[in-house]
Amino acid sequence: MSEPRIQDLLRSGIHAINIGVKDFATNLDTQGVRVLHIDWRPPAEGDTEMMGLLDKLL
Amino acid sequence: MVTDHAIIQNQYFDSVFLMRVAKRISAAEGIEQAAAVMATAKNLEALAQAGFASAARGPAAPNDVIVALRATDSTHARAILDHLDQWLNREETPNSGTTVTTLSDALGVEPNANLAVISVPGEYAAREARLALEQNLHVFLFSDNVSLEDEVSLKQLSKERGVLLMGPDCGTAIIGGAGIGFANSVRRGPVGVIGASGTGLQEITTLVHRMGSGISHAIGTGSHDLTDAVGGVTSMQALDALDAEPNTKVIVLVSKPPGQVTLGRIRQRMASMSKPVITCFLGSSGLEEHWPHPAHDLTESASEAVRLAGVAPTLLPGSYPSVSSAVAEIGPHRRYVRGLFAGGTFCYQAQQIFREAGVTVHSNEPLSRSLKLADPYRSVGHSLVDMGADVFTVGRPHPMIDSTLRAQRVEAEARYPETAILLLDFVLGFSASADPVGDLAPAIKRAREQAEGQGNRLLVLSSVCGTELDAQGFNRQIQALEQAGVTVFPSAVDASRFAAAVAIELGKVGR
């Protein structure tokens, strides 16, 4: 059985949030896709263990 | 020759942007090689492997950028490194005006967003993907280097939420006509594609377009989805979704051979599909033979899909020589095929074609371990090299973006007197080089001249993955190849088959 959220994506198309390579946002924008690019930075000064702890606390 | 580096603290740039910076710096006067990376643990390791040991020792933090280079002398090196701000100049952001730094802030601005496109370094990718899935967003996860444990738990989460997780290590998707990642511009139509490989999806979607039909959706699953550890979560969701989606009439499923348990699950699901599903398990040697619509390779997958969609498939006419006249042109001591591929799936598929033709080929990414090249930089006998493999891309851009290393290898192969054929691929589309053929054509011309200087010919064979809707211009790229003396085939399969047929003739005694 197909998931309603996936059917909805295929029916209504993409409305994107881009995290990382800015080029991907630019390309979606060029195609007329609504996209918001996040000015992403490695969280918690790049400390992956600290990130995990923060996610659990918040 | 000197190596030198500079560190810029607390500035984040994405990997593709940094690859382009490295490409531009590499082309500067007096610079032989340049690498520009965020100083994550994986990237520092890669820098050391790429010969920048001192840069790899830092001291640098994951939020710092490292630019390392090899230059003719220190004056040229410092001319770049002392003015890095000019090389790292950022462009404008789409929809700028609103600067957000986290996913939750972004959802505050765009509460109706339905897809997160994630391409942050692997160390951080699972976290961002989890946050997106928890918000019921579909995810296109380009990042690789996500641990198997994280991948399995993310796929499980996507299943619970009823959303698609395309990836990790997903290069391409097309949803409702919009290309994500390294995708091509194709006509919309009745063919839905599900694929574990980025260039595999690109080849099938562009061939379907050039054969006169079009694509409803192309859903990338990530390269591990059909392993038994992951269990085909995304592939099964995609099969269900495309079976229900009214614009899709025919479905293609392409992957390397699935795990045994997962294969059984797919086979079971196939029995209840209402639409025809073409299955192509590359490298499987007939695994899908008894399935309703088996396809041997990417080209057959596309032509079968177009045929089942009710269109008589057409391909660009090729004007290539016969095998015997090609063999007659090649110099008497030249006997081996050397494939240098930008697309990993093209390298894999070519190996399958050679194996089936009975021609032994070596590779850095071989079908079986015994055929692995001891040194990926040195071909042996017939060799098919995946130039996008990690060994060539640590600290360097992927060959789809920057052809520097492939150009050097083209000339190196031509210098070996045993090289008879260079087999190449070119991939167009979003995020690929603006002029893939233009980047490599000077090296191809020099390679051919080198052979002609020795009084014989070197055959250069190629295919181009793209459409006339791609910014690079399909026809323009083909014309440039032909001007460089390259024989262009309608698909990667055709180029590989021709190369294998010539290889068989060259191997016959008495030539």
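Summarising the local packing, CD of B:Q268 is surrounded by 12 or fewer heavy atoms from other residues, nucleotides or ligands at distances under 6.0 Å.
Both the backbone and the side chain of B:L107 come within contact range of chain A, each with at least one heavy atom under 4.5 Å from a heavy atom of that chain. Proximity to chain A involves both the backbone and the side chain of B:L103, based on heavy atoms less than 4.5 angstrom apart. Heavy atoms closer than 4.5 Å to chain A are found in both the backbone and the side chain of B:N136. Heavy atoms closer than 4.5 Å to chain B are found in the side chain of A:S12, but not in its backbone. Looking at B:R20, only its side chain comes within 4.5 Å of chain A, counting heavy atoms on both sides. Using a 4.5 Å cut-off between heavy atoms, B:E128 contacts chain A through its side chain alone, with no backbone atom that close. Within the 4.5 angstrom heavy-atom criterion, only backbone atoms of B:T102 (N, CA, C, O) approach chain A. For A:L28, the part sitting under 4.5 Å from any heavy atom of chain B is the side chain, from C-beta outward, and nothing else.
A donor-acceptor contact shorter than 3.5 Å is absent between the side chain of B:D240 and the backbone of B:Q237.
The choice from B:I175, B:D243, B:N247 that makes the most heavy-atom pairs within less than 4.5 Å of chain A is B:I175. Between chain B and the residues A:V21, A:I14, A:N18, the most heavy-atom pairs under 4.5 angstrom are made by A:V21. Per-residue heavy-atom pair counts under 4.5 Å with chain A were compared for B:M236, B:M38, B:R130, B:H138, and the maximum is reached by B:H138. Contact count versus chain A (heavy atoms, under 4.5 Å) is highest, among B:G181, B:A113, B:P121, for B:A113. Heavy-atom pairs under 4.5 Å with chain A peak, among B:S15, B:A471, B:A106, B:G176, at B:A106. Most heavy-atom pairs under 4.5 Å with chain A: of the set B:G179, B:A238, B:A116, this distinction falls to B:G179.
With sequence neighbours excluded, no residue forms a salt bridge (Lys or Arg N to Asp or Glu O under 4.0 Å) with B:R188. With sequence neighbours excluded, the residues satisfying side-chain hydrogen bond (donor to acceptor under 3.5 Å, both in side chains) with B:S431 are A:D23, A:N27.
B:M273 has its side chain within reach of B:L239: a pair of non-hydrogen atoms, C-beta onward, lies under 4.5 Å apart.
Ring centroid separation for the pair A:F24 and B:F142 comes in under the 6.0 Å cut-off.
Across every non-hydrogen atom of B:L242 and B:K275, the tightest pair is O-NZ, 2.9 Å. Contact record, B:S216 with B:E245: CB-OE1, 4.2 Å, taken as the closest heavy-atom pair.
Look at B:E110 and A:R34 and you find a salt bridge, because one of the NZ, NE, NH1 or NH2 atoms lies within 4.0 Å of a carboxylate O, short of that distance.
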